[in-house]
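What you are looking at is a predicted structure, and each value in this text was computed from that prediction instead of being measured. Letters A, B, ... are given to chains in the order of the sequence lines, protein chains preceding strands, and every chain is numbered from 1.
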Amino acid sequence: MSEDRVAALESKLADMEKRLTVREDELDVQKLQFLYGYLIDKCMYDQVVDLFTDDGEVRFFGGVWKGKEGVRRLYVDRFRKRFTHNTNGPIDGFLLDHPQIQPIVTIEDDGKTARMRARSTMQAGRHKDYVGDEPHLQARQWWEGGLYENTYRKGEDGKWRIHVLNYFPHWHADFETGWANTDPEYVPFPKTLYPEDPSGPDALIDDHWLWPTHKLLPFHMKHPITGEEMTAERWEGDVAREKARG
Amino acid sequence: MSEDRVAALESKLADMEKRLTVREDELDVQKLQFLYGYLIDKCMYDQVVDLFTDDGEVRFFGGVWKGKEGVRRLYVDRFRKRFTHNTNGPIDGFLLDHPQIQPIVTIEDDGKTARMRARSTMQAGRHKDYVGDEPHLQARQWWEGGLYENTYRKGEDGKWRIHVLNYFPHWHADFETGWANTDPEYVPFPKTLYPEDPSGPDALIDDHWLWPTHKLLPFHMKHPITGEEMTAERWEGDVAREKARG
Amino acid sequence: MSEDRVAALESKLADMEKRLTVREDELDVQKLQFLYGYLIDKCMYDQVVDLFTDDGEVRFFGGVWKGKEGVRRLYVDRFRKRFTHNTNGPIDGFLLDHPQIQPIVTIEDDGKTARMRARSTMQAGRHKDYVGDEPHLQARQWWEGGLYENTYRKGEDGKWRIHVLNYFPHWHADFETGWANTDPEYVPFPKTLYPEDPSGPDALIDDHWLWPTHKLLPFHMKHPITGEEMTAERWEGDVAREKARG
């Protein structure tokens, strides 16, 4: 009888370890993404790049930056030059806070892939006492809201890394005038690929949009009760309006 | 001796499984509430209703909508018609972001009831290029802060569902003028019950208030160190002022 | 053979209990900090003080308040008198929301010390209908963003308490004018110690700064992939500017 009880214990313990591992992974992936947020706040781009897998990619503002080289091109060649005078760190008068909010992590059955829906409500801008002559160095301040649908991979070393950072900005609002008055294409999408644009993306994403257009960024997971895909209807009034505008 | 050790292992493992289950439940309830947030952002009201128990209810803005029928009446008959031209999905030019922040989940001893205090800091409004003739279709933009004190139930299928969604808005602020200038009763409370109001509540909540009135929404849990109820004093100056105003 | 299997089970179970305990602690420390946020929102200072260890301290705005007496002096003698007419609770017309966002908790190897990086994006101010004659009772409204790097201790009673609350405000923004226009030293740092200032700090922190100055608040943890300290470069242009200003 004892043998049976021991076998039952072994089986039960193996089951519990699987359950525990899923939750450890969920929490560790969340920590990883939260750290990404703190690092990007502080323009610590070198440390951001180190969070990615070698085959990582970033999907951002209608562009795709592929592989560790592409990721580095975006954060270091593009952002660091534009935002921080090529400094790997925060600079006075420049704000780019990325609070990381509302993560839903799903660990895939293989135990090595994770997906996360999350969001950020950002504060960004440049202080009036720290302006420069160039257009992107003017005093400016804005709010931004966006969603993530990211993928992560667990390496053979047991560490989670970002595989695909898919950040989809949803709305921008000038601090002075707000989201009721946002101009269309508030931030211009990249249109030129690398290497013609030395810090440009490797590919463009066709189905991209910005507020006041408003669509559903698809969920990675099914509805937990019904088990169905969570899809949204599209109001034909808007579609008609878009068509009328050409 | 081995029998004793096996018995000790069985007991220890049962204890650990209880502990693990509590944390799984906490995390799953949090995921459920976070999904609610993503769905309501996108006006996917059908999928929101599916998150509730059959005897679920919503307590909102001084009204109570009871049972699955009441929940559907609020989200589908009331919100969907007012906000999205009866579309189950986001529409261009309409923003209603509900970031889900700061959840504290408590699993009751029965393992089948959960309570959560959480908050949202919302961005809402309608873009100037998407206005209509009716009053609720004008360009407008506001911030809103509020707290949840929700209840959840675990079904016989092992799935958590929302039992009582108790969202209590605390303050509103027009984007242009802020929370220092909010008009009293910024959003009018419902005063007419269903079925006189076809999408109205089944009951009214008497003790309701809005900023600049400011009271404590009671906590579902005790203070973790003292074990005492967490109650707040009320400043008599405000009370006197209220009485003077009649 | 069975003895070996039982020994293996005992070892495995002990290992899993350690892992589970780490996650329970992470989640409980997070709950503790989240509760701090809800209590401070509502000016429930007595209950806030009860969250600290006897040797707790608060590092805040360039000052250090030491020991339970110091903590009480800050929250009760300083904040309660300034903010709420000495009431232990929220008062009408006064807003001080502290959403608690993005916690990364690290449990030290001793199992009794925890560290957390977290943030808050606050809404604060006083409503125009609730002003008084004194300067701090005028109508005012502002946003504030800041980071925490806190320490917690697990007592012999198994309960976590706050040991060091280290809140470092990073930027302020008047609701009307925003973070592009913040005046230097938006909030004056305390300069007078206790007991000369009856609610003043026990010590001052030298290396303090406020937006538009922008530096890195050091991380308590190493980079999860490289294992290195996460340090930031400092732009010499800013440093030169600071020196020029004297």
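- Contacts between F94(A) and chain C at a heavy-atom distance below 4.5 Å involve the backbone alone (N, CA, C, O).
- Between W143(A) and W179(C), the ring centre distance stays below 6.0 Å.
- Ion pair K222(C)/E228(C) not flagged as a salt bridge, since none of the NZ, NE, NH1 or NH2 atoms sits closer than 4.0 Å to an Asp/Glu carboxylate oxygen.
- A salt bridge between R19(C) and E24(A) is present, with a side-chain N of the basic residue lying under 4.0 Å from a carboxylate O of the acidic one.
- Of the atoms belonging to F175(C), it is backbone heavy atoms, and not side-chain ones, that fall under 4.5 Å from chain A.
- No close placement of the Y75(A) and F60(A) rings is indicated, their centers lying 6.0 Å or farther apart.
- For a residue to count as touching a neighbouring chain, one of its non-hydrogen atoms must lie under 4.5 Å from one of that chain's; by this rule R23(A) does not touch chain C.
- Aromatic ring pairs are classed by plane angle as parallel below 30°, tilted from 30° to 60° and perpendicular above 60°; the pair F83(C) and F79(C) is parallel.
- The contact between T182(C) and chain A is made by backbone and side chain atoms together, counting heavy-atom distances below 4.5 Å.
- For K159(A), the part lying near chain C is the side chain, with the backbone staying farther off; criterion is any non-hydrogen pair under 4.5 Å.
- D41(A) touches chain C through backbone and side chain together, each having a heavy atom under 4.5 Å away.
- Looking only at distances, no side-chain donor or acceptor of Q30(A) sits under 3.5 Å from a matching main-chain atom of M116(A).
- In this structure, the portion of L27(C) lying under 4.5 Å from any heavy atom of chain A is its side chain and not its backbone.
- Between the side chains of W171(C) and D97(A), at least one donor N or O sits under 3.5 Å from an acceptor N or O.
- Contacts of W209(C) with chain A are absent, with no heavy-atom separation under 4.5 Å from either backbone or side chain.
- For the set E233(C), E176(C), Q102(C), the count of heavy-atom pairs under 4.5 angstrom toward chain A peaks at Q102(C).
- With D15(A) contributing its side chain and S11(A) its backbone, the two residues share no donor-acceptor pair below 3.5 Å.
- In terms of non-hydrogen atom pairs under 4.5 Å with chain A, the most contact-rich of A173(C), P184(C), P103(C), G145(C) is P103(C).
- Proximity to chain C is limited to the side chain of K42(A), based on heavy atoms less than 4.5 angstrom apart.
- A14(A) does not touch chain C: none of its heavy atoms, backbone or side chain, sits under 4.5 Å away.
- By the 6.0 Å contact criterion, CG on D157(C) is enclosed, its count of non-hydrogen atoms from other residues, nucleotides or ligands being greater than 12.
- Within 6.0 Å of the NZ atom in K191(C), the count of heavy atoms belonging to other residues, nucleotides or ligands exceeds 12.
- Heavy-atom distances place no part of S120(A) under 4.5 Å from chain C, backbone and side chain included.
- V105(C) touches chain A through its backbone: at least one of N, CA, C or O sits under 4.5 Å from a heavy atom, while the side chain does not.
- Heavy atoms closer than 4.5 Å to chain C are found in both the backbone and the side chain of Q123(A).
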